[in-house]
There are 2 protein chains.
Amino acid sequence: MKKISIKDVAKKAGVSISTVSRVLTNSAPVSEELREKVIQAVQELGYSPSSIARSLRNGATKTIGFILPDITNPFFANIVRGAEDYLRQHGYTLIFGSSDQDKNEENHILEALLSKHIDGLLFTGSGDSNPKLLRKIEQGLKVVFLDRIIRGVNSSYVIVDNKRGISLLVDHLLDDGHKSFLFINGDKNTFSAKQRYEAFLQRMKSGKYKYEHHFTSFSYEAGYKFASQLSNPVEFDAILCGNDLIAFGVIDALEDRGIRVPEQVSVTGFDDIPFSRHYKPALTTVRQPMYEMGQKACELLLKMIKEQLMTTEGIILEPELVVRESTKRRI
Amino acid sequence: MKKISIKDVAKKAGVSISTVSRVLTNSAPVSEELREKVIQAVQELGYSPSSIARSLRNGATKTIGFILPDITNPFFANIVRGAEDYLRQHGYTLIFGSSDQDKNEENHILEALLSKHIDGLLFTGSGDSNPKLLRKIEQGLKVVFLDRIIRGVNSSYVIVDNKRGISLLVDHLLDDGHKSFLFINGDKNTFSAKQRYEAFLQRMKSGKYKYEHHFTSFSYEAGYKFASQLSNPVEFDAILCGNDLIAFGVIDALEDRGIRVPEQVSVTGFDDIPFSRHYKPALTTVRQPMYEMGQKACELLLKMIKEQLMTTEGIILEPELVVRESTKRRI
DNA sequence: CTGTTAGCGCCTTCAG
DNA sequence: CTGAAGGCGCTAACAG
């Protein structure tokens, strides 16, 4: 691909390269006459300035990185979409990488992003704190943690109030006469799973309900497997799940075992991915504003970049209880 | 963020920058002694070379762009994942943009990607040929069209054999005794929708079946809406849908109208997104190897980039019929 | 208002 | 084997 540079434009327009630069960036006044010539030349040549060279010169790439577990998971895909839209609107580009929660892959991606000189990073990583990342933060890398926080790090974040979400859910279940609860949670080392666990525990202990809690993994398969191996699934009135995917797996496994949801047992999810409303039975769950999370995180990140401040800010979004058909009132 | 450059490394190691460059790129022999010093310095400084500067120098960014309709659609998310994995494995980075099939947005994203000096482009665009893109292709931009082809362009592509997919489906339905067919297709201006339409028409005309065909849009909502407005849904034995999302919408709408699937009417999808197997009823559909499509497209693209050949290659992947519970044998 | 020039970080001749 | 120097495309002083 033959590249056309600012020089070509300058030559064609019969002006100097600085003039071209000036009209393109509007950084200084240029006579109407020359401006027109330049614009003309730009169009004819189909020239677009190299942001590579610009980046090198300006020290900013207008690019944001996003490390997340898996783009294939609708929860993250929707967050990404929010981020993407916000960023493009503000002249930024997004590069992301799926880590599958793998520590090595995480570092690998981080390395790649860093070498691309990203201006900032959105991070949804595995639970354990990542030394390489911490170091970069200390060196001044702007990072916003999304959905998950790494403990011991003073950094900005955007999450939803997981505890409140669980609280809302348990309240509703209690109101509907449920008396015993099983919580099939997600990955143990994950911030959100931990938060949800704590909230659950707290609520359970405050009454004297029968309950049980298990960490598994945030996937359909994990839910299906766990529910398949349950010795007596109907010993609980309600099964809470770490996220919607787990809930789908659980419901399917139960039905395969001839247990009807919600008739025999209520099942709930967390996230409210777009699909949950179409599931049969439509899932009672806690809605996280995914698109908004992506937007807010970027808004925060760009602010940090622009103002070059070391200060840190946390945004906690409100979850919303969504009652549908996978739960029902117990007598 | 204080940046450390090759100069800092050179100074710390007490060598020239060229030596540092040489050990980093392995481009020329360096004495063991100096090599060690350099490596030492690199580690202590936590230095990683700026791919920005490298790109400017080498003229290659090791970055691939991907313009697609919507990352939130599982079909594309899975393709992206395939591409992402392949590219990272080969030292490339992926930048994508969701266009919502909007022509303007498409151009907007293209502009952004181009200015980032991508080495190649994966493109799943709206149906109409895009003049700006065509021009860039002529100028030497390497492009692989994915899932959709723009007519009149001689370029590489990776698609599945849509016609064969429909053929497989219709054969199966015929085998199962279906005699009348309604096809609720996706976006009219889309390559895949057109192909599927043609295949459908061809098969229908070859027998003397009762049939009808309509273009709508590749979404749940479109399916739901269309099926809701159908005057007499059960006048057909089978309803074929342009993709799985449409099928979900159709099934839900039918059930809301008290029509049972597949008892009263069979419904089929296209794509086999991960969710389709968990739908109730589990969807009979045509599987597209999404992950593989992403991989193959990148493989092809990198080949084109590496060999700098103007030749063009098309890969047509085989679809696979997946029979599940949304269809049943008619008497 | 316009043109010339230095230099962003790196790789690659070209000398030594 | 090693160092010095040019230049990728661009912007921001610096002169005029």
Side-chain angles (χ1 to χ4, degrees), chain A residues 1-39 41-42 45-63 91 111-112 114-119 139, chain B residues 1-39 41-42 45-63 91 111-112 114-119 139:
Chain A
M1 176 156 66
K2 215 271 255 17
K3 322 203 159 165
I4 46 209
S5 80
I6 196 171
K7 271 188 199 166
D8 303 306
V9 179
K11 194 182 301 176
K12 179 146 202 155
V15 300
S16 77
I17 59 170
S18 9
T19 301
V20 177
S21 173
R22 285 194 265 258
V23 331
L24 259 37
T25 58
N26 246 313
S27 55
V30 173
S31 72
E32 200 47 43
E33 194 193 338
L34 293 196
R35 156 171 270 110
E36 300 237 329
K37 281 191 191 168
V38 169
I39 291 174
V42 164
L45 262 37
Y47 165 77
S48 66
S50 159
S51 56
I52 292 290
R54 260 184 194 171
S55 300
L56 186 60
R57 176 63 234 240
N58 299 337
T61 52
K62 293 272 192 178
T63 300
E111 200 63 48
L114 251 24
S115 85
K116 293 274 182 207
H117 279 201
I118 50 173
D119 293 342
Q139 290 180 204
Chain B
M1 177 154 65
K2 215 266 253 38
K3 320 204 162 167
I4 47 206
S5 83
I6 196 170
K7 271 190 199 164
D8 304 307
V9 179
K11 194 181 301 174
K12 178 147 201 154
V15 299
S16 77
I17 60 168
S18 359
T19 301
V20 177
S21 174
R22 285 194 265 259
V23 331
L24 258 36
T25 58
N26 245 312
S27 56
V30 174
S31 72
E32 200 47 43
E33 195 193 335
L34 292 195
R35 158 170 269 112
E36 300 237 326
K37 279 190 192 168
V38 169
I39 292 176
V42 165
L45 263 38
Y47 166 76
S48 68
S50 157
S51 57
I52 292 290
R54 258 183 196 172
S55 298
L56 185 60
R57 173 65 234 244
N58 299 336
T61 52
K62 295 273 190 176
T63 300
E111 200 61 50
L114 250 24
S115 85
K116 292 274 182 207
H117 279 204
I118 50 173
D119 293 341
Q139 291 181 204

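Small disclaimer: the values here were computed from a predicted structure and weren't measured. Each chain gets a letter, A, B and so on, in the order its sequence line appears, and its residues count up from 1.
Atom pair L56(A):CG and dA12(D):P shows a separation of 13 Å (rounding to whole Å applied). One atom, CZ of R54(B), and another, P of dG9(D), lie 19 Å apart when rounded to the nearest Å. Rounded to a whole Å, the CG atom of L24(A) is 12 Å from the P atom of dA12(D). When rounded to the nearest whole Å, the span between CD1 of I6(B) and P of dA4(D) equals 13 Å. As a whole-Å value, the separation of E32(B) CD from dC1(D) C1' is 13 Å. Residue I52(B) contributes atom CD1, which lies 21 Å from atom P of dG7(C) at whole-angstrom precision. When the C1' atom of dT2(C) is taken as reference, atom NZ of K37(A) falls 12 Å away, rounded to whole Å. The distance from atom CD of E36(A) to atom C1' of dC1(C) is 16 Å, rounded to the nearest whole Å.
Between the side chain of S27(B) and the main chain of T25(B), no donor-acceptor pair closer than 3.5 Å is present. Side chain of S55(A) to backbone of S51(A): a donor-acceptor contact under 3.5 angstrom is found. Remark: side-chain polar atoms of T61(B) are paired, donor with acceptor, to backbone N or O of H117(B) under 3.5 angstrom.
Considering only side-chain atoms of P49(B), the nucleotide from dT2(C), dC10(D), dC10(C) that sits closest is dC10(C). Considering only side-chain atoms of V15(A), the nucleotide from dT2(C), dG3(C), dC10(C) that sits closest is dG3(C). Residue S16(B) places its side chain closer to dG3(D) than to any other of dG3(D), dC10(C), dT2(D).
Put simply, the side chain of V9(A) does not reach to within 4.5 Å of the side chain of I4(A), judged on heavy atoms. With a 4.5 Å cut-off on side-chain heavy atoms, T63(B) and K116(B) do not count as touching.
Looking only at atom types and distance, the side chain of S21(B) has no donor-acceptor partner in the side chain of S18(B) under 3.5 Å away.
Partners of E36(A) according to the side chain to side chain contact (heavy atoms under 4.5 Å, CB included) rule, which considers only residues two or more places apart in sequence or in another chain, are E32(A).
Residue contacts for L34(A): at a heavy-atom cut-off of 4.0 Å it reaches the sugar-phosphate backbone alone, with no base atom in range.
Taking side-chain N and O atoms only, S50(A) has no distance below 4.0 Å to OP1 or OP2 of dG9(D). For K7(B) and dC10(C), the shortest distance from a side-chain N or O to OP1 or OP2 is not below 4.0 Å. Distances shorter than 4.0 Å separate some side-chain N or O of T19(B) from OP1 or OP2 on dG3(D).
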What pairs of nitrogen or oxygen atoms, one from the protein and one from nucleotides 12-16 of chain C, lie under 3.5 Å apart?
from, atom 1, to, atom 2, distance (Å)
dT12(C), O4', R57(B), NH1, 3.3
dT12(C), O4', R57(B), NH2, 3.4

